Number of protein chains: 2
Amino acid sequence: MDFYQQEHRTLVAVDSIIFGFNENDYELKLLLLKRNFEPAKGEWSLMGGFVTPNESLDEAALRIVQKLTGLENVYMEQLYAFGDPHRDPGGRIISVAYFSLIKINEYDKELVKKNGASWIPLSELPMLIFDHNDMVSIALRKLRIRARTQPIGFELLPKKFTIPQLQRLYEAIYQKPFDKRNFRRKVLTMGLLDKLEEKEKETSKKGAFYYQFNTAKYEELLRRGFNFEL
Amino acid sequence: MDFYQQEHRTLVAVDSIIFGFNENDYELKLLLLKRNFEPAKGEWSLMGGFVTPNESLDEAALRIVQKLTGLENVYMEQLYAFGDPHRDPGGRIISVAYFSLIKINEYDKELVKKNGASWIPLSELPMLIFDHNDMVSIALRKLRIRARTQPIGFELLPKKFTIPQLQRLYEAIYQKPFDKRNFRRKVLTMGLLDKLEEKEKETSKKGAFYYQFNTAKYEELLRRGFNFEL
DNA sequence: TCAAAAGTGTTTGTTGTACACCCATGG
DNA sequence: CCATGGGTGTACAACAAACACTTTTGA
């Protein structure tokens, strides 16, 4: 049954660029860890792991994110396959990078701590091993493209969020301020956010109404040829 | 020097979705071949090949396109890595798909014939082996996105082309007609096409002026933050 | 002389962008 | 009572979309 016996086989890994957003300090962050094995032990790295014989690439990527954060349902997208024969000095490894978006309040803090990982703001991104800095820039570029045309920003926020929170997220992603009147009009005229009775009262005295993304309505609109655009 | 001795290794291949455009019948085509080896011998397939130990993925993809067409300078872009463990019944193979755009009048016809390949219009796309039909749809989707925001359409045309030819190419890519006044205005106001003295007189009695894409000007504009958009 | 494709401008609607003031409330 | 962040509407410019006629010339 194996027709390709004589061909060369290589190590294949997945690496995950894990984004989170902190609503308190308004910063976009990455979950990074210090490698506890050779080569490059002690240096900053993305979470990664080898692909096992019976799992798909997507499954491998989910597995390693779950191993680090305990989360099962994370938004995840394949980014790019990196295959320079010398990218890892420890041997020839092809790595398929994925990026994932997680709600920063929901991950398993114990697990993250145990793995020696921490949230690093993008503004303080350290040197990473191998080509991991390239992976991060490509991920950031893709995130910026995606966030304009797909409703993925919501993956980084709690289920209930306020319009100002959403705006600060987009400002963090694009590193530039938006006009709050235009921003509010744009997100609300799409008709995909349900306004709740409840207000968020931590950040201001007046309080801001919570909203929720309406997934059902979004899928209905998609079927009718709707294009999300922010 | 090899730190990962005990890890599982897998076969890694590249597959290429090779697009061409025929200015005579106005059709977008794919270069496909009939497999001459098992498994799935005799069925339609994309051009592919295994990644060798000392080449990068990009190099492997270039190598197999060159092997089939004889062309050295082709536009090529990585598409997606396919890793379902059962995607190839002949064994577990991870395949990284690339799409490439070639000028349909410049390839080596002998070589293509020798390899048993032919140009198949997208409208007559047959069943392909494994997940190759998925690869083609993803490639087509990416081509449509790219062609709007990057000047890659020109990769599918000869150096000298007419505005009506360019329009027919875009109509083939997007499968819908464009208004010729709006189309012409849009491509010309970008200022990236140089008008030549010469006329193309095959397709009409009046003849249409040839134009050339000005790469230098495009790169200059890019540096100033210009965004191609069609 | 006519069929066939090339070439040309204007109008209208839509969308993006810029901009300043009032509101609610906890301290 | 005031500082802080939440919430609202309008005017102008830029761009997309719709639309019909004239030009050239080989057969």
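Reckoned from all heavy atoms, side chains included, excluding hydrogens, waters and symmetry mates. Computed from a predicted structure; not experimentally measured.
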Would you find a donor on one side and an acceptor on the other, under 3.5 Å apart, between the side chain of B/Lys29 and the backbone of B/Ile120?
-> no
In B/Asn36, B/Ile129, B/Leu128, the residue satisfying side-chain contact (heavy atoms from CB on, under 4.5 Å) with B/Ser45 is B/Ile129
Can you tell me how far P of C/dA20 sits from CZ of A/Arg181, to the nearest Å?
-> 8 Å
Is a donor-acceptor pair below 3.5 Å formed from side chain B/Lys205 to base C/dA6, judging by atom type as modelled?
-> no
Modelled atom types, side-chain donor and acceptor of B/Glu77 and B/Tyr75, under 3.5 Å | yes
Whole-Å gap separating P (D/dG6) and CZ (A/Phe161) = 15 Å
How long is the line joining CG of B/Leu193 and P of C/dG7, in whole Å?
-> 13 Å
Nucleotide of D/dA16, C/dT8, D/dC19 approaching B/Lys186 most closely (side-chain heavy atoms) = D/dA16
Under 4.0 angstrom between B/Arg184 side-chain N/O and C/dG7 OP1 or OP2 | yes
Starting at atom CZ of B/Arg168, determine the distance to atom C1' of C/dG7, rounded to an integer number of angstrom.
-> 14 Å
Roughly, in whole Å, what's the span from CZ in B/Phe183 to P in D/dA16?
-> 14 Å
Please figure out whether B/Asp179 or A/Lys199 has its closest DNA chain C nucleotide nearer the 5' end.
-> B/Asp179
Let me see the working for A/Leu230 and A/Phe183 under side chain to side chain contact (heavy atoms under 4.5 Å, CB included), right down to the final yes or no.
-> CA-CA 8 Å; A/Leu230 220 153; A/Phe183 185 85; 3.8 Å; yes
Phosphate-side-chain proximity, A/Lys206 and D/dT4, N/O vs OP1/OP2 below 4.0 Å = no
Do the two ring centres, one from A/Tyr80 and one from A/Phe82, sit under 6.0 Å apart?
-> yes
For A/Lys201, answer base if it contacts any base atom (sugar-phosphate contacts may also be present), sugar-phosphate if it contacts only those atoms, and nothing otherwise; contact means non-hydrogen atoms under 4.0 Å.
-> sugar-phosphate
Find the distance A/Phe209:CZ to C/dA24:C1' and express it as a whole number of Å.
-> 11 Å
From the list D/dG7, C/dT8, D/dA18, which nucleotide is the closest neighbour of the side chain of B/Lys180?
-> C/dT8
Give the rounded distance in Å between these two atoms: CZ of A/Arg185 and P of C/dC19.
-> 14 Å
Roughly, in whole Å, what's the span from CG in B/Leu166 to P in C/dG7?
-> 12 Å
